[in-house]
Amino acid sequence: MSERPRLTVLSGPSGVGKSTVVAHMRKEHPEVWLSVSATTRKPRPGERHGVHYFFVTDEEMDKLIANGELLEWAEFAGNRYGTPRAAVQERLENGEPVLLEIDLQGARQVRESLSDAQLVFLAPPSWEELVRRLTGRGTEPPEVIERRLTAARTELAAEPEFDVTLVNTSVEDVARELLALMDVV
Ligand SMILES: Nc1ncnc2c1ncn2[C@@H]1O[C@H](COP(=O)(O)OP(=O)(O)OP(=O)(O)O)[C@@H](O)[C@H]1O
Ligand SMILES: Nc1nc2c(ncn2[C@@H]2O[C@H](COP(=O)(O)O)[C@@H](O)[C@H]2O)c(=O)[nH]1
């Protein structure tokens, strides 16, 4: 057992700013390793296979799940997402810090399988600001935004399950706090 948590989960409602915070953090600290998830979602403009996600078909996702290749997986707002197990295991065996950016269902599964994982909840400054960010991103049609906001109510209610809550008012501040929690700085 290590003295500090070696795997950190960053979770929080869709649109709260998880990817923005992680991108900011990794710009300054590219050594922080972020797991690349598999998803059945279609790529957004600018998203690249193997960089932002491994974009897979439903059949490929079925196989990943059936073969036990995912550390955790979940269905979120009509698509499936999962964390490839082997790459995470390899980093943990090398003693490298690992970061997962995943939804609440995935965070719960990680807590079950890796009891020393550190679960961090990213919260919006307000509900109105969350809606503004998710809508303002302009990547989803209104019906998908509605599904994500429905999920967000459940996710916000689960905040007490997490070890730490960070409120995403300032990307710079949250990125610094997350680095400190991961013991990178
Ligand atoms: N602190 C902040 N202040 C203002 N806007 C922010 C802040 N953090 C992120 N945003 C904006 O909010 C929008 C959503 O951010 P982002 O895509 O990072 O969210 P996410 O939590 O990763 O969403 P998802 O779970 O859907 O992938 C983006 O347009 C981003 O620029
Ligand atoms: N349980 C998992 N959730 C994941 C994973 N990768 C991403 N996510 C979460 O899905 C939603 C939607 O993501 P988006 O890119 O379509 O906006 C968001 O909460 C992500 O954090 C994963 O491997 N497992």
Side-chain angles (χ1 to χ4, degrees), residues 7-27 34-56 60-61 64-65 69-88 98-114 117 119-141 144-156 158-159 161-162 165-178:
L7 184 143
T8 302
V9 169
L10 182 65
S11 207
S14 177
V16 71
K18 300 180 295 295
S19 303
T20 305
V21 165
V22 170
H24 184 81
M25 190 175 96
R26 294 182 74 222
K27 214 163 78 184
L34 173 71
S35 165
V36 178
S37 299
T39 183
T40 57
R41 170 167 78 61
K42 297 284 168 276
R44 294 177 186 139
E47 284 186 331
R48 282 160 46 211
H49 183 79
V51 176
H52 299 92
Y53 280 107
F54 295 108
F55 295 99
V56 299
E60 286 166 338
M61 184 61 94
L64 289 173
I65 294 167
E69 290 181 54
L70 300 179
L71 176 66
E72 61 73 37
W73 71 273
E75 179 157 349
F76 181 89
N79 293 298
R80 285 183 290 171
Y81 300 80
T83 303
R85 186 191 298 277
V88 170
V98 162
L99 180 62
L100 307 186
E101 189 196 315
I102 61 177
D103 86 325
L104 169 66
Q105 305 166 77
R108 285 174 170 158
Q109 292 170 49
V110 171
R111 166 131 289 165
E112 286 297 310
S113 56
L114 296 167
L119 268 50
V120 180
F121 188 80
L122 192 62
S126 67
W127 176 259
E128 291 72 25
E129 177 62 13
L130 178 68
V131 175
R132 208 166 14 248
R133 287 183 191 173
L134 188 53
T135 312
R137 189 171 68 186
T139 49
E140 276 81 28
V144 176
I145 290 179
E146 273 314 308
R147 293 180 85 166
R148 286 175 179 244
L149 289 174
T150 301
R153 292 198 184 278
T154 306
E155 298 192 291
L156 289 169
E159 186 213 312
E161 295 178 31
F162 287 75
T165 295
L166 302 176
V167 180
N168 183 16
T169 304
S170 150
V171 172
E172 293 75 20
D173 289 352
V174 175
R176 202 174 319 109
E177 287 164 341
L178 190 55

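Numbering of ligands and ligand atoms starts at 1, following listing order. Throughout, numbering of the chain's residues begins at 1 and tracks the sequence. Atom set for the values below is all heavy atoms of this structure, side chains included, hydrogens, waters and symmetry mates excluded.
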Practice item. Mind checking the CZ-CG spacing from Phe121 to Asn168? Nearest 0.5 Å is all I need. Key: 11.5 Å

Point to revise | Short N-O contact, Glu140 and Arg147, less than 4.0 angstrom | key: no

Check your understanding: Can you tell me which residue and heavy atom of the protein come closest to atom 27 (O) of ligand 1, and the distance to 0.1 Å?
Key -> Arg137 NH1, 3.6 Å

Practice item. Could you check if a side-chain atom of Thr139 sits within less than 4.5 angstrom of a side-chain atom of Leu134, using non-hydrogen atoms only? Key: no

**Study point:** Residue-ligand contact Pro13/ligand 1, heavy atom below 4.0 Å
**Key:** yes

Revision key, fill the gap. Ranked by distance from atom 26 (O) of ligand 1, the top protein heavy atom is Ser14 OG, 2.6 Å

Exercise for review: For Gly136 and ligand 1, answer yes if some heavy atom of the residue is under 4.0 Å from a ligand atom, otherwise no.
Suggested key: no

Check your understanding: For atom 1 (N) of ligand 1, what is the nearest protein heavy atom, given as residue, atom name and distance?
Key -> Asn168 OD1, 3.0 Å

Review point. Just which atoms of ligand 1 are under 4.0 Å from any heavy atom in Val171?
Key: 1 (N), 2 (C), 7 (C), 8 (N)

Practice item. Indicate whether the side chain of Ser19 and that of Glu101 have a donor and an acceptor atom separated by less than 3.5 Å. Key: yes

Practice item. Provide the number and element of each atom of ligand 1 under 4.0 Å from a heavy atom of Lys18. Key: 18 (O), 19 (O), 20 (P), 21 (O), 22 (O), 23 (O), 24 (P), 25 (O)

Review point. Taking C-beta and beyond as the side chain, do Trp127 and Leu156 meet within less than 4.5 Å on heavy atoms?
Key: yes

**Study point:** Ser11 and Leu119, any side-chain heavy atoms less than 4.5 Å apart
**Key:** no

Review point. Does Glu140 reach ligand 1, in the sense of a heavy atom lying below 4.0 Å from it?
Key: no

Exercise for review: Determine, for Arg132 against Glu128, whether the closest basic-nitrogen to carboxylate-oxygen distance falls under 4.0 angstrom.
Suggested key: no

Review point. Out of Arg41, Met61, Glu72, which residue meets the side chain to side chain contact (heavy atoms under 4.5 Å, CB included) rule with Tyr81?
Key: Arg41

Review point. Taking side chain as C-beta onward, heavy atoms only, is Ser35 less than 4.5 Å from Leu99?
Key: no

Practice item. Report the member of Thr169, Thr20, Val21 with the shortest heavy-atom distance to atom 15 (O) of ligand 1. Key: Thr20

Point to revise | atom 19 (O) of ligand 1 - nearest protein heavy atom and its distance | key: Gly17 N, 3.1 Å

Check your understanding: Hey, looking at atom 11 (C) of ligand 1, which of Arg148, Glu101, Arg133, Arg41 has the closest heavy atom?
Key -> Arg133

**Study point:** N or O pair under 3.5 Å between Ser19 and ligand 1
**Key:** yes

Review point. At a 4.0 angstrom heavy-atom cut-off, what protein residues surround ligand 2?
Key: Lys18, Ser37, Arg41, Arg44, Tyr53, Glu72, Ala74, Phe76, Tyr81, Gly82, Thr83, Glu101, Ile102, Asp103, Gly106, Arg148

Practice item. Specify the closest pair of heavy atoms between Leu122 and Pro13, including all atoms of both residues, with the distance to one decimal. Key: O-CD, 3.5 Å

**Study point:** Evaluation steps, side-chain contact (heavy atoms from CB on, under 4.5 Å), between Arg176 and Asp173
**Key:** CA-CA 5 Å; Arg176 202 174 319 109; Asp173 289 352; 3.4 Å; yes

Exercise for review: If you have a sec, work out which protein heavy atom is nearest atom 14 (C) of ligand 1 and how many Å separate them, to one decimal?
Suggested key: Gly15 O, 3.4 Å

Please list every donor-acceptor pair under 3.5 Å in which a side-chain atom of residues 148-155 meets a protein atom from a residue at least two apart or in another chain.
{"from": "Arg148", "atom 1": "NH1", "to": "Ser14", "atom 2": "OG", "distance (Å)": "2.9"}
{"from": "Thr150", "atom 1": "OG1", "to": "Glu146", "atom 2": "O", "distance (Å)": "2.9"}
{"from": "Glu155", "atom 1": "OE2", "to": "Leu104", "atom 2": "N", "distance (Å)": "3.3"}

